[in-house]
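A quick write-up on the structure given underneath.
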Amino acid sequence: MNLEMLDEIMRTYGYEESGVVAMLQDIQRKERYVPEAELRLVAERVGIPASRVYGLATFYRSFSLKPRGEHIINVCLGTACHVRGGARVMDKFTRDIGIQPGETTPDGKVTIEPVRCVGCCGLAPVVVVDEEVHGKMNQKKVSRIVEECRGVHREGVQA
Amino acid sequence: MACAGTGCLSNRSADVKKTLQEEIARHGLDDEVLVVSTGCNGFCEQGPILVALPDGIFYQKVTVKDVPGLVEKYLLGGEPVESLLYRPPGQKEAVARMKDIQFFRDQRPIVLRNKGLIDPESIDEYIGMDGYQAMVKGLLEMTPEQIVEEVKKSGLRGRGGAGFPTGVKWEFCRKSPGNGKFLICNADEGDPGAFMDRSILEADPHSVLEGMVLAARAIGASEGVVYVRDEYPLALRRLQIAIQQAGDYGFLGEDILGSGHDFRIRVVRGGGAFVCGEETALIRSVEGRPGRPVPRPPFPAQKGLWGRPTVINNVETLSNVPTILREGGEWYARMGTSSSRGTKVFSLVGKVNNTGLVEVPMGTTLRQIIFDIGGGIPGGKRFKAIQSGGPSGGCIPESLVDLPVDYEELTKVGAIMGSGGLIVMDETSCMVDVARFFLGFLMDESCGKCTPCREGILRMHEILTDITEGRGTMEQLALLEELALAVKDASLCALGGTAPNPVLSTLRYFRDEYVAHIRDRKCPAGVCRSLIHYRILSERCTGCTACARACPAEAVKGKKKEKHEINAEVCIRCGACHEACNFEAVQVY
């Protein structure tokens with residue numbers, strides 16, 4: 001992220017310590033994770049130790065300190081999804097893509113992450129792919145999503 | 001009225017709306033028909049949903065392809081489109097009108113009164129439904145003490161979990177010495193399986209803002225914060241639009257309506273931590289620190305945000321307030337039971353036909369909720385238990401299905417009201433697995449500050465994992481119970497204090513299932529992978545090869561049109577064959 005953009009984010013929250021979580025959220029929205037360099041810069045500009053910013057970034061579960069893939073597949077493992085077979089949906093994703101939950105494929109294309117409830121429990125089991133909600137999942141639909149993600153890759157490579 | 005809640009949007013309701021508008025224009029009906037995007041209708045199972053007014057016809061599962069027919073037959077021809085109407089499970093007759101559908105008929109909407117009826121992004125539509133009238137009354141005709149009194153009279157209790165009387169909380173804060181009091185609206189819905197706060201914010205955000213203005217007036221706060229989940233982008237956006245509009249109309253800001261009351265609201269996005277449902281942790285989080293709880297007293301109403309007196313109310317609680325002031329506390333108190341007044345919104349999910357949001361008077365029985373409104377259990381399966389109150393709650397068995405739902409009754413049977421998540425489970429849900437699931441959730445979410453919670457939950461989870469994977473012993477079962485009681489007594493905050501509930505309640509009602517896992521190495525519900533195997537019933541198998549094609553491990557053997565078999569040694573028990581079979585030939589043992 002360039003310095004200007006980072007500065008604009010920090011300015012929105014007045015360089016205040018109480019705004020650090022929001023700054024990290026905005027950084028993550030742009031970069032898909034919180035890079036160490038940005039984390040250190042936030043600490044420096046706000047005037048607090050980097051350890052404290054690191055503490056926030058690791059306490060709150062929505063942050064990732066590792067780079068994440070171009071596509072992020074969030075498999076809901078909330079209660080409603082659990083009783084309707086969310087774990088089996090997760091297993092199918094990890095099997096088909098060949099990585100474990102929380103990991104990113106070596107080519108940096110796909111990340112699989114478990115989430116605890118996205119609030120669409122009426123449609124359980126639910127998967128969110130790049131912020132698009134897919135409801136009433138089953139193993140067949142998983143195959144389709146994996147194919148779509150791969151299809152988008154190929155286009156991406158050609159372009 | 002086109003539903004644009006998160007559930008329906010995921011079923012492409014935006015495309016349906018667009019096509020509908022195009023078709024209406026094509027037929028020159030622009031002047032007669034208006035298409036409005038609404039918030040969540042509540043009957044998410046049947047999305048995308050369209051409701052036609054003034055007839056009140058309820059169209060469900062509408063796809064883009066259905067739209068031209070709908071416009072021609074219904075809007076031009078005046079005939080309802082049979083194929084898009086709702087049919088109750090197991091019945092042939094369709095029900096055309098929304099108010100005749102049992103899911104809606106037995107509800108009593110107070111908080112959800114505007115859901116699906118107004119455009120949540122328009123303050124004028126909210127005003128058109130008597131919105132902000134209560135605010136005018138509260139600011140210009142009543143003293144803060146009178147507002148507190150009215151809410152006390154209503155008997156309203158906190159809808160976020162603990163059920164503390166709202167009026168009493170307000171009075172406590174009002175009387176606390178100190179200036180610059182704060183009001184926080186807790187919209188950090190952390191309970192997995194509950195989504196009413198999200199729906200309220202998406203369908204009727206102004207009701208929450210109006211409730212906040214009144215609450216702030218009552219306690220004497222001039223600053224308010226909405227602490228909302230970052231995972232709820234649509235709710236966040238609609239909330240921000242609502243705050244902007246209310247500001248433009250002079251309903252927020254300085255000297256509101258000339259009353260001398262100032263009130264500003266800002267939005268803080270949560271970082272995704274369940275423990276932030278605990279008030280002291282939430283306050284730390286708003287201050288920009290890790291959300292770890294601190295001992296009480298002092299209570300937030302004495303010393304809260306930035307050390308100043310603070311009231312924290314949940315979204316649903318605040319959304320009740322305008323109606324209470326408009327209709328009167330006595331009117332509200334006439335609904336419900338002696339200790340729990342008014343209505344409660346439940347998110348009815350899991351193994352039930354009609355999933356969605358349900359608002360009923362307190363004291364409604366579980367049976368009415370599950371079987372009348374919820375339409376019973378799908379696939380003719382047997383109802384086994386209902387989980388109430390999220391990770392801090394408990395499982396209630398079938399034998400207690402006539403329990404009237406209120407705060408006290410739920411606590412008596414080992415569950416809690418919590419935020420109102422009701423997860424229905426049938427005979428194919430394993431209670432040991434459910435307990436393990438919740439403990440796994442709490443293990444991740446424990447903030448780690450106090451040892452009983454941090455270590456106790458971890459050890460309980462280990463024991464439950466042993467049991468579900470077939471390594472459990474009867475000695476461990478005794479240890480599990482002892483640990484559960486110790487964690488309950490010794491934890492610092494409510495997260496740890498209630499964490500053993502899923503274990504204790506399942507042990508109380510479903511001990512047999514634990515014993516079956518340990519002694520017989522069997523999972524009676526057929527869920528725990530290490531203890532089950534799949535078999536194909538040869539009399540049902542048609543040799544269609546669907547299971548063999550679905551199997552990722554090549555464990556299914558058999559030629560086309562011949563009986564298939566599963567090689568148990570190769571089988572990874574993923575359940576793909578079970579899901580693929582159309583003849584119920586693949587069985588779990």
Side-chain angles (χ1 to χ4, degrees), chain A residues 13 16-26 28-29 46 48 52 55-63 74 76-89 91-92 95-96 114-124 126-128 131-136 138-140 142-143, chain B residues 6-7 9-11 43-45 47 189-195 197-199 229-233 235 268-274 285-292 347-351 355-357 387 390-391 421 423-425 429 434 437-438 441 444-445 447 550 552 574-576 579-580:
Chain A
Y13 304 103
E16 297 252 356
E17 189 179 350
S18 64
V20 170
V21 171
M23 293 175 206
L24 298 179
Q25 280 166 339
D26 288 357
Q28 176 153 303
R29 198 144 288 163
V46 174
I48 56 175
R52 213 181 294 169
L56 286 168
T58 51
F59 182 86
Y60 292 105
R61 65 168 42 253
S62 56
F63 297 115
N74 284 319
C76 184
L77 296 179
T79 319
C81 290
H82 180 79
V83 303
R84 284 205 191 176
R88 276 205 293 271
V89 171
D91 286 345
K92 173 83 175 156
R95 231 175 20 241
D96 282 11
V115 284
R116 299 290 198 185
C117 198
V118 292
C120 307
C121 313
L123 304 173
V126 172
V127 169
V128 185
E131 306 201 342
E132 193 182 333
V133 178
H134 299 259
K136 299 186 185 171
N138 54 37
Q139 305 208 9
K140 240 187 228 156
V142 171
S143 307
Chain B
T6 299
L9 283 176
S10 83
N11 282 319
F43 203 1
C44 308
E45 182 88 34
E189 194 161 46
D191 173 2
F195 59 107
D197 293 349
R198 167 181 206 151
S199 281
R229 279 187 79 178
D230 199 33
E231 290 93 332
Y232 285 1
V268 173
R269 290 172 290 157
F274 180 67
S285 181
V286 174
E287 289 172 350
R289 295 192 267 164
R292 290 196 187 92
S347 71
L348 185 64
V349 295
K351 306 277 186 69
T355 61
L357 284 188
Q387 209 280 348
I423 291 113
V424 181
M425 291 178 262
S429 307
V434 166
F437 165 79
F438 280 119
F441 175 87
D444 287 348
E445 294 295 340
C447 78
C574 69
E579 193 187 293

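Letters go in sequence order (proteins before strands), and every chain restarts at 1.
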Minimum heavy-atom distance B:Phe437-A:Leu77, with the two atoms named: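 Minimum heavy-atom contact is CE1-O, 3.0 Å.
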Considering all heavy atoms, the nearest A:Val118-B:Tyr232 contact: O-CE1, 3.8 Å
Pairs of heavy atoms under 4.5 Å with chain A: top-ranked of [options]:
options                                : answer
B:Lys351, B:Glu445, B:Glu189, B:Met425 : B:Glu445
B:Gly350, B:Ala580, B:Ala273           : B:Gly350
B:Asp197, B:Asp444, B:Leu348, B:Val268 : B:Asp444
B:Ala550, B:Gly356, B:Cys574, B:Cys44  : B:Cys574

Output the distance between atom [atom1] ([X]) and atom [atom2] ([Y]), rounded to the nearest 0.5 Å.
X        : Y        : atom1 : atom2 : value
A:Asp26  : B:Arg269 : CG    : CZ    : 4.5 Å
B:Ile423 : A:Cys121 : CD1   : SG    : 7.5 Å
A:Glu131 : B:Glu231 : CD    : CD    : 11.0 Å
B:Phe441 : A:His82  : CZ    : NE2   : 13.0 Å
A:Tyr60  : B:Asp230 : OH    : CG    : 12.5 Å
A:Phe59  : B:Arg289 : CZ    : CZ    : 12.0 Å

Counting only heavy atoms closer than 4.5 Å, note whether [X] contacts chain B via side chain, backbone, both or neither.
X        : result
A:Val83  : both
A:Arg95  : side chain
A:Gln139 : both
A:Lys92  : neither
A:Asp91  : side chain
A:Ala124 : neither
A:Arg116 : both

Under a 4.5 Å cutoff for heavy-atom pairs, which residue among [options] has the most contacts with chain B?
options                    : value
A:Ala80, A:Gly19, A:Ser62  : A:Ser62
A:Cys81, A:Gly78, A:Ser143 : A:Gly78
A:Glu17, A:Gln25, A:Arg88  : A:Gln25

Heavy-atom contact with chain A under 4.5 Å, split by part of [X]:
X        : answer
B:Arg292 : both
B:Phe274 : neither
B:Pro290 : both
B:Ser285 : both

B:Ser10 and A:Leu123: CA distance, side-chain angles, deciding distance, side chain to side chain contact (heavy atoms under 4.5 Å, CB included) verdict: CA-CA 9 Å; B:Ser10 83; A:Leu123 304 173; 3.3 Å; yes
CA sep, side-chain torsions, deciding dist, call: A:Arg84, B:Glu45, salt bridge (Lys or Arg N to Asp or Glu O under 4.0 Å): CA-CA 13 Å; A:Arg84 284 205 191 176; B:Glu45 182 88 34; 3.5 Å; yes
More than 12 heavy atoms from other groups under 6.0 Å of NZ on A:Lys140: no
